[in-house]
Visitor: 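This structure is in structure tokens; I'll ask about it shortly.
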Amino acid sequence: MTDKNASFALGNETLSFPIKDGSIGPSVIDISKLYGASKMFTYDPGFTSTASCESKITYIDGDEGVLLYRGYPIEQLAEHTDFLETCYLLLYGELPTADEKEDFVGRVTRHTMVHEQMNRFYSGFRRDAHPMAVMVGTVGALSAFYHDSLDITDPFQRMVASIRMIAKMPTIAAMAYKYSIGQPFIYPKNDLDYSSNFLRMCFAIPCEEYVVNPILSRALDRIFILHADHEQNASTSTVRLAGSSGANPFACIAAGIACLWGPAHGGANEAALDMLTEIGTPDRIPHYVARAKDKNDPFRLMGFGHRVYKNYDPRAKIMQQTCHDVLKIVGNPDDPLLQVAIELERIALHDEYFIEKKLYPNIDFYSGITLKAMGFPTSMFTVLFAVARTVGWIAQWKEMIEDPSQKIGRPRQLYTGAVRRDVTAVADRG
Ligand code: SDX
């Protein structure tokens, strides 16, 4: 840490604030005392230049296209670990030893069932409800079932709630899918790994044995690793803000799911596939690229651009390879959607507008094609994102709760509304 200050003149005063250095990445100017010293706030809608917290979990270098989970490059984790190893790393800060992994996998496996009364919860939804609506409702309702892991001041209860969330999200997600297609729920099986269990709960039917394709299970596990955490993105910031009030972890995760649903965030994988489907054939791409560049047209190329990455999203590269691997097994390597995606990417990466604005494909660009080839409907794409991101939300929530300096998040505003005025009787208005 270097002892430096940032100073600026305000009127005839010079204000000075400490600069804090991280282990890597941009330093920060600690302005927590700015209002006391100036009676002024900073102003940063969208938080483009604001660090909301200190964290040791995930590091992103948007200019270099670097993503590290606890210091490990995402490329290496996707190649050499499985999702539950990555979950352990995000939660506890180190990759597990063989014994630690066996214990952790055992604890997660034994929490994959949900309370049997949860089954009845689903029947309150219309069959055509969007699965993300079901996820928001059912995950929030977990706090009505698990009263023994709601006390966030108790480290043991925090750990139990964390394991329960990671373990039950695939079950709840698979139940949402089964409910939407009118098929019976499939219980988890303890002799299957995390991703194989999820595939079986989604695609097995009681009338016949379901054999998990190990290549698809490995591909899905890799997709979960890629989506596991991503610094202080919108849904993670939502979970942190909800948790800062002391809300229980299930309610906080439900808030994160709600935020992730938006098409500018986790909903982009569903929106990207819908866009590729609407484009339909490569010859129609120039029309859509022109629309994306037109300031008067709200249309954006879904799956392109990122608040942080001003280079290729490192996850997108791995996602692209995974997409090809999956299409070789269960799709059509000449899938017209993939052809449109490859041509759209080629055009966009050579187009001045996208180069100047540093708009590259992000993780959502190829994930939709992959998940569709695996048999998931587009409405389930963001649900899978939520299943994977739950460990990131939980790890960030845990880090915040365990931070002794933690306090409720309560931003201020620039008020530009009406100044004080008196109420007049209704007869005297107008
Ligand atoms: C995720 O934060 C995270 O880490 C998120 C995530 C995670 O893992 O949690 O990485 C997951 O959400 C990935 C992003 C998925 N969203 C999409 O693919 C939706 C399409 N992308 C855009 O909506 C947009 O790029 C955002 C929302 C992702 C980022 O928007 P920013 O940072 O607020 O940037 P901006 O909207 O200010 O855009 C900068 C310029 C603008 O032009 P100007 O006003 O400067 O002239 O680039 C343009 C935008 O119009 N632009 C696009 C574009 N994205 C930005 N133009 C066309 N197509 C696009 N996709």
Side-chain angles (χ1 to χ4, degrees), residues 44-52 55 57-63 65-69 74 78 86 90 223-240 256-276 279 285-319 341 344-345 347-349 351-369 381-382 384-393 395-396:
D44 183 16
F47 311 120
T48 52
S49 302
T50 294
S52 61
S55 179
I57 298 173
T58 293
Y59 175 73
I60 303 172
D61 181 332
D63 295 329
V66 168
L67 170 58
L68 309 176
Y69 289 167
I74 190 67
T86 294
L90 289 168
I223 292 171
F224 284 158
I225 290 171
L226 296 178
H227 288 80
D229 192 51
H230 213 238
E231 201 215 64
Q232 305 311 318
N233 59 83
S235 53
T236 298
S237 300
T238 300
V239 171
R240 277 181 172 260
I257 295 171
C259 178
L260 186 75
W261 194 359
H265 188 15
N269 51 19
E270 177 177 354
L273 197 87
D274 291 344
M275 176 193 72
L276 293 173
I279 294 173
I285 291 174
H287 167 71
Y288 285 86
V289 169
R291 283 190 59 195
K293 291 154 66 171
D294 178 354
K295 297 297 290 173
N296 301 315
D297 189 331
F299 173 79
R300 289 195 164 178
L301 287 180
M302 303 315 282
F304 275 82
H306 199 277
R307 170 62 60 75
V308 177
Y309 289 123
K310 301 310 174 190
N311 198 322
Y312 218 101
D313 181 337
R315 303 168 298 174
K317 285 190 181 129
I318 304 167
M319 200 61 246
L344 175 56
E345 181 184 29
I347 293 174
L349 292 182
D351 183 289
E352 254 326 294
Y353 174 91
F354 292 89
I355 293 169
E356 185 251 324
K357 293 193 185 295
K358 299 183 178 180
L359 299 175
Y360 292 86
N362 58 48
I363 189 165
D364 296 299
F365 187 63
Y366 282 101
S367 60
I369 302 169
F381 292 176
T382 311
L384 270 69
F385 195 152
V387 169
R389 185 53 58 89
T390 292
V391 63
W393 288 331
Q396 300 269 353

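First listed ligand is number 1; within each ligand, the first listed atom is number 1.
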Visitor: Test Q232 against Q396 for side-chain hydrogen bond (donor to acceptor under 3.5 Å, both in side chains), laying out the working first.
Guide: CA-CA 9 Å; Q232 305 311 318; Q396 300 269 353; 2.8 Å; yes
Visitor: Is it true that K358 and D63 make a salt bridge, defined as a side-chain N closer than 4.0 Å to a carboxylate O?
Guide: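 So K358 does not pair with D63 through a salt bridge.
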Visitor: Taking everything shown except F47 itself, do over 12 heavy atoms lie less than 6.0 Å from its CZ?
Guide: no
Visitor: Indicate, with yes or no, if the rings of H265 and H230 have centres closer together than 6.0 Å.
Guide: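 Not under 6.0 Å, so no.
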Visitor: Ring centroid separation for Y309 and Y360, is it under 6.0 angstrom?
Guide: no
Visitor: Please check this pair: side chain of N269 against backbone of S367, looking for a donor-acceptor N/O pair closer than 3.5 Å.
Guide: no
Visitor: Exactly which residues line ligand 1, taking a heavy atom under 4.0 Å from it as the test?
Guide: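 Contacts of ligand 1 under 4.0 Å: H230, N233, P263, A264, H265, A268, A292, K295, R300, L301, M302, G303, F304, G305, H306, R307, R315, Y353, K357, L359, N362, D364, F385, R389.
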